[in-house]
Amino acid sequence: MRVEIWSDIACPWCYIGKARFEKGLAGFAHRDQVEVVHRSFELDPGRAKGDTAQVIDMLAQKYGRTREEAQAMEGNVAANARAEGLGYLTEGRDHGNTFDIHRLLHLAKARGRQDELLNLAYRANFAEERSVYDAGVLVELAVEAGLDADEARAVLADPEAYAAEVRADEQEASELGANAVPFFVLDRRYGISGGQPAEVFAQALEQAWKDRPLTAIGQDAAACDADGACEVPQGGGNA
């Protein structure tokens, strides 16, 4: 069975949702027969390469909030992340265009190291003071994931390298009706939107294994939409 996950490194609910999905997968009897493929989705594709902003400032501007209110929003998301055992910095992170990161993730997919690079990129972005919008940092992460440094540099230096693969993922997301991430598709039979609880993923895996038609599972959960807006639940519980 194949599970495809559309996500973006800039999306906190993708970071949280991946951890919750993996908890659900861990208890699935057929987990060794599940292939997980990560697909590209950009939250802020219109932002110019190199144009970055501090996350708190970006949130305040996007939602028309004060910095204090934006900090409270980030604190709420951080509580959800930490409840899953994930590190999360509420200050000092930046936000920008993630196209280069997605291109590098496609290189990693071709070399069988996609999940390793994705985990490292999430951790760097959300839990460490390492900017994933810096080419030098991306090369460091690629090497940590087991990729060749020169090959990673060559991909980043060539704007066309793996660009078609990123665009194809994004087009497919549109065709599937995915307008927010994370978006999970199980064997092209079940669709799950948002950072659902682990038990929802466990249920979905069981049902998809039984080969039922594509069905939306679970109520709406926190997600980041195509305009880059990330929902924030009121309270620190699971989204």
(message) For the backbone of Ile9 and the side chain of Asn125, can you confirm whether one donor and one acceptor N or O come within less than 3.5 Å of each other?
(response) yes
(message) Counting C-beta onward and ignoring hydrogens, is there a side-chain heavy-atom pair between Phe126 and Leu86 closer than 4.5 Å?
(response) no
(message) Could you check whether Glu199 pairs with Lys23 (Lys NZ or Arg NE/NH1/NH2 to Asp/Glu carboxylate O, under 4.0 Å)?
(response) no
(request) Working to the nearest 0.5 Å, report the span between SG of Cys14 and CG of Leu118. (result) 9.0 Å
(request) Would you sort out whether Gln54 and Glu91 count as a side chain to side chain donor-acceptor pair (under 3.5 Å), showing the intermediate values? (result) CA-CA 8 Å; Gln54 289 289 298; Glu91 296 280 357; over 6 Å; no
(message) As a quick check of understanding, evaluate side chain to side chain donor-acceptor pair (under 3.5 Å) for Tyr63 and Glu69, giving each step before the final call.
(response) CA-CA 10 Å; Tyr63 295 106; Glu69 289 171 331; over 6 Å; no
(request) Would you indicate whether the side-chain heavy atoms of Trp13 and Val77 approach each other to under 4.5 Å? (result) yes
(message) What I want to find out is whether Arg167 reaches Glu42 closely enough, with some N-O distance under 4.0 Å, to be called a salt bridge.
(response) yes
(request) Determine whether Glu170 and Glu165 make a side-chain contact, defined as any pair of heavy atoms from C-beta on separated by less than 4.5 Å. (result) no
(message) What I'd like to find out is whether the side chain of Trp209 reaches to under 4.5 Å of the side chain of Gln33, using heavy atoms alone.
(response) yes
(message) Counting C-beta onward and ignoring hydrogens, is there a side-chain heavy-atom pair between Glu35 and Met1 closer than 4.5 Å?
(response) no
(message) Counting only heavy atoms from other residues, nucleotides and ligands, does the tally under 6.0 Å from CD of Gln61 exceed 12?
(response) no
(message) Regarding Glu74 and Arg65, does a basic nitrogen lie under 4.0 Å from an acidic carboxylate oxygen?
(response) no
(message) Given 3.5 Å as the limit, does a donor-acceptor pair link the side chain of Asp169 with the main chain of Ser40, or not?
(response) yes
(request) Indicate yes or no for a side-chain donor-acceptor contact from Arg82 to the backbone of Tyr88 under 3.5 Å, with no hydrogens or angles considered. (result) yes
(request) Determine whether the aromatic ring centres of Phe183 and Phe41 lie less than 6.0 Å apart. (result) no
(message) Using side chain to side chain contact (heavy atoms under 4.5 Å, CB included), reason through Val185 and Val3 one step at a time and then give a plain yes or no.
(response) CA-CA 6 Å; Val185 176; Val3 177; over 6 Å; no
(request) Determine, step by step, whether Asp57 and Arg67 satisfy the side chain to side chain contact (heavy atoms under 4.5 Å, CB included) criterion, reporting the C-alpha distance in whole Å, the side-chain angles of both residues, the deciding distance to 0.1 Å, and the verdict. (result) CA-CA 7 Å; Asp57 295 332; Arg67 290 196 89 258; 2.9 Å; yes
(message) Can you confirm whether Pro182 sits close enough to Trp6 that some side-chain heavy atom of one is under 4.5 Å from a side-chain heavy atom of the other?
(response) no
(request) Identify whether NZ of Lys or CZ of Arg in Arg47 sits under 6.0 Å from the centre of the six-membered ring of Tyr133 and within 45° of that ring's axis. (result) no
(request) Report yes if some heavy atom in the side chain of Asp115 is under 4.5 Å from a heavy atom in the side chain of Val36; otherwise report no. (result) no
(message) Working note: Glu22 + Lys18, criterion salt bridge (charged side-chain N to carboxylate O under 4.0 Å, His left out); need CA distance, chi angles, decisive distance, verdict.
(response) CA-CA 6 Å; Glu22 288 172 351; Lys18 184 177 188 293; 2.5 Å; yes
(message) Go through it in stages, so that I can follow the logic: the residues are Glu4 and Arg188, the test is salt bridge (charged side-chain N to carboxylate O under 4.0 Å, His left out), and I'd like the CA-CA distance, side-chain angles, deciding distance and then a yes or no.
(response) CA-CA 8 Å; Glu4 297 163 277; Arg188 294 299 170 109; 2.7 Å; yes
(message) Which label fits Phe21 and Phe201: parallel for a plane angle under 30°, tilted from 30 to 60°, or perpendicular past 60°?
(response) perpendicular
(request) May I ask you to check whether over 12 heavy atoms, not counting those of Glu175, lie within 6.0 Å of atom CD? (result) yes
